[in-house]
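Structure first, commentary second.
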Amino acid sequence: MPSVLGLLEAKESAAREAVERAREEAARIAAVLEEAERVLERLVIAREAVVEVLAEPGGRAVDVVKEAVVAAAVTGSPVPRQSGQLARAVLAPEYQRVISVLETEAAAGRDKVRARELAAALGLEAVPAKIEGVRSRAKRLAERGWIARHQSGEFSILTV
């Protein structure tokens with residue numbers, strides 16, 4: 001039969017090993033946390049730098065931003081605010097198509113177009129999901145100054 005002191009020493013040894021493993025794990029987690037904090041700090045600095053560059057009036061900052069936006073204009077890209085200096089090429093293809101349809105309709109004498117008609121002109125099914133998707137894109141374009149949205153819920157090309 002094992003002695004009581006022998007059992008206690010075995011338990012103590014196991015507890016010391018568990019404490020050591022926990023300390024090692026805590027040190028590993030502290031290192032991971034430190035690296036995550038460094039990444040966060042770099043991202044905050046980067047965001048602040050971008051905000052600062054975008055806040056500069058005119059000059060090279062605008063050219064740099066335009067070049068960056070043009071390079072990034074792919075499906076799913078955000079719609080930039082139209083400042084009168086941006087070409088349509090900065091928009092993702094689905095937004096460019098909405099503007100093209102509105103221009104075609106305006107050329108045909110229809111100044112205002114509903115989302116359902118836009119969806120049809122884009123070759124989409126006239127189902128609520130597709131119509132709402134087109135409406136959402138058109139609203140986003142209107143909010144950012146690319147097209148006009150009327151109180152009737154219709155959209156049109158901006159007249160200058």
Side-chain angles (χ1 to χ4, degrees), residues 21-160:
R21 282 193 307 270
R23 281 192 181 127
E24 290 172 1
E25 183 67 13
R28 186 189 67 76
I29 290 173
V32 169
L33 176 61
E34 188 176 320
E35 178 60 24
E37 287 173 335
R38 273 196 298 269
V39 168
L40 174 62
E41 184 178 346
R42 285 195 319 263
L43 290 171
V44 167
I45 291 168
R47 180 185 48 78
E48 290 171 348
V50 168
V51 167
E52 185 179 308
V53 167
L54 291 176
E56 290 180 16
R60 176 70 182 133
V62 172
D63 295 337
V64 170
V65 171
K66 280 198 278 190
E67 290 168 12
V69 172
V70 169
V74 295
T75 299
S77 293
V79 177
R81 292 213 175 274
Q82 175 56 288
S83 61
Q85 299 176 352
L86 296 176
R88 189 184 311 166
V90 302
L91 296 172
E94 62 267 19
Y95 291 98
Q96 291 180 29
R97 289 180 56 213
V98 169
I99 293 174
S100 293
V101 167
L102 289 173
E103 287 175 342
T104 302
E105 293 294 326
R110 295 195 57 219
D111 293 335
K112 298 177 182 176
V113 182
R114 294 194 162 285
R116 176 182 297 279
E117 297 159 341
L118 273 172
L122 290 167
L124 301 173
E125 281 184 82
V127 296
K130 300 293 183 181
I131 294 168
E132 289 308 312
V134 170
R135 185 184 328 278
S136 174
R137 283 188 211 105
K139 281 183 176 179
R140 197 166 295 119
L141 286 168
E143 289 166 359
R144 299 206 172 64
W146 291 89
I147 64 174
R149 179 178 179 209
H150 304 279
Q151 287 197 335
S152 60
E154 297 170 310
F155 300 93
S156 66
I157 291 297
L158 286 175
T159 54
V160 181

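All heavy atoms count here, side chains included; hydrogens, waters and symmetry mates do not. Bear in mind the structure is a predicted one, so any value in this text is a computation, not a measurement.
Nearest heavy atoms, Arg88 versus Ser100: NH1-OG, 3.3 Å. Across every non-hydrogen atom of Leu118 and Ala138, the tightest pair is CD1-CB, 4.2 Å. Closest approach of Ala148 and Ala142 over heavy atoms only: C-CB, 4.4 Å.
The neighbour count for Glu48 CD, taken as heavy atoms of other residues, nucleotides or ligands under 6.0 Å away, is above 12. The neighbour count for Arg144 CZ, taken as heavy atoms of other residues, nucleotides or ligands under 6.0 Å away, is above 12. Shown here is Glu41, whose CD atom has no more than 12 heavy atoms of other residues, nucleotides or ligands within 6.0 Å.
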Give the table of side-chain donor-acceptor pairs shorter than 3.5 Å for residues 120-136, with sequence neighbours excluded, one pair per line with atom names and distance.
residue: Glu132; atom: OE1; partner: Arg135; partner atom: NE; Å: 3.2
residue: Glu132; atom: OE2; partner: Arg135; partner atom: NE; Å: 3.2
residue: Glu132; atom: OE2; partner: Arg135; partner atom: NH2; Å: 3.0
residue: Ser136; atom: OG; partner: Arg140; partner atom: NH2; Å: 3.3

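The backbone N or O of Glu143 sits less than 3.5 Å from a side-chain atom of Arg81, completing a donor-acceptor pair. Under the 3.5 Å distance criterion, the side-chain polar atoms of Gln82 are left unmatched by any main-chain donor or acceptor of Trp146.
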| salt bridge (charged side-chain N to carboxylate O under 4.0 Å, His left out) between Glu94 and Arg97, intermediate numbers included | CA-CA 5 Å; Glu94 62 267 19; Arg97 289 180 56 213; over 6 Å; no
| Residues Glu34, Arg38; criterion salt bridge (charged side-chain N to carboxylate O under 4.0 Å, His left out); working and verdict | CA-CA 6 Å; Glu34 188 176 320; Arg38 273 196 298 269; 3.0 Å; yes
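Within the 4.5 Å cutoff, the side chain of Leu102 has no heavy atoms near those of the Leu141 side chain. Looking at Ile99 and Leu91, their side chains come closer than 4.5 Å, going by heavy atoms from C-beta outward. For the pair Arg47/Leu43, no side-chain contact is recorded, criterion being any heavy-atom separation below 4.5 Å from C-beta on.
Remark: Glu24 pairs with no residue by the salt bridge (Lys or Arg N to Asp or Glu O under 4.0 Å) rule, at least two apart or across chains.
The residue from Arg110, Lys112, His150 that alone fulfils the side-chain hydrogen bond (donor to acceptor under 3.5 Å, both in side chains) condition with Ser156 is His150.
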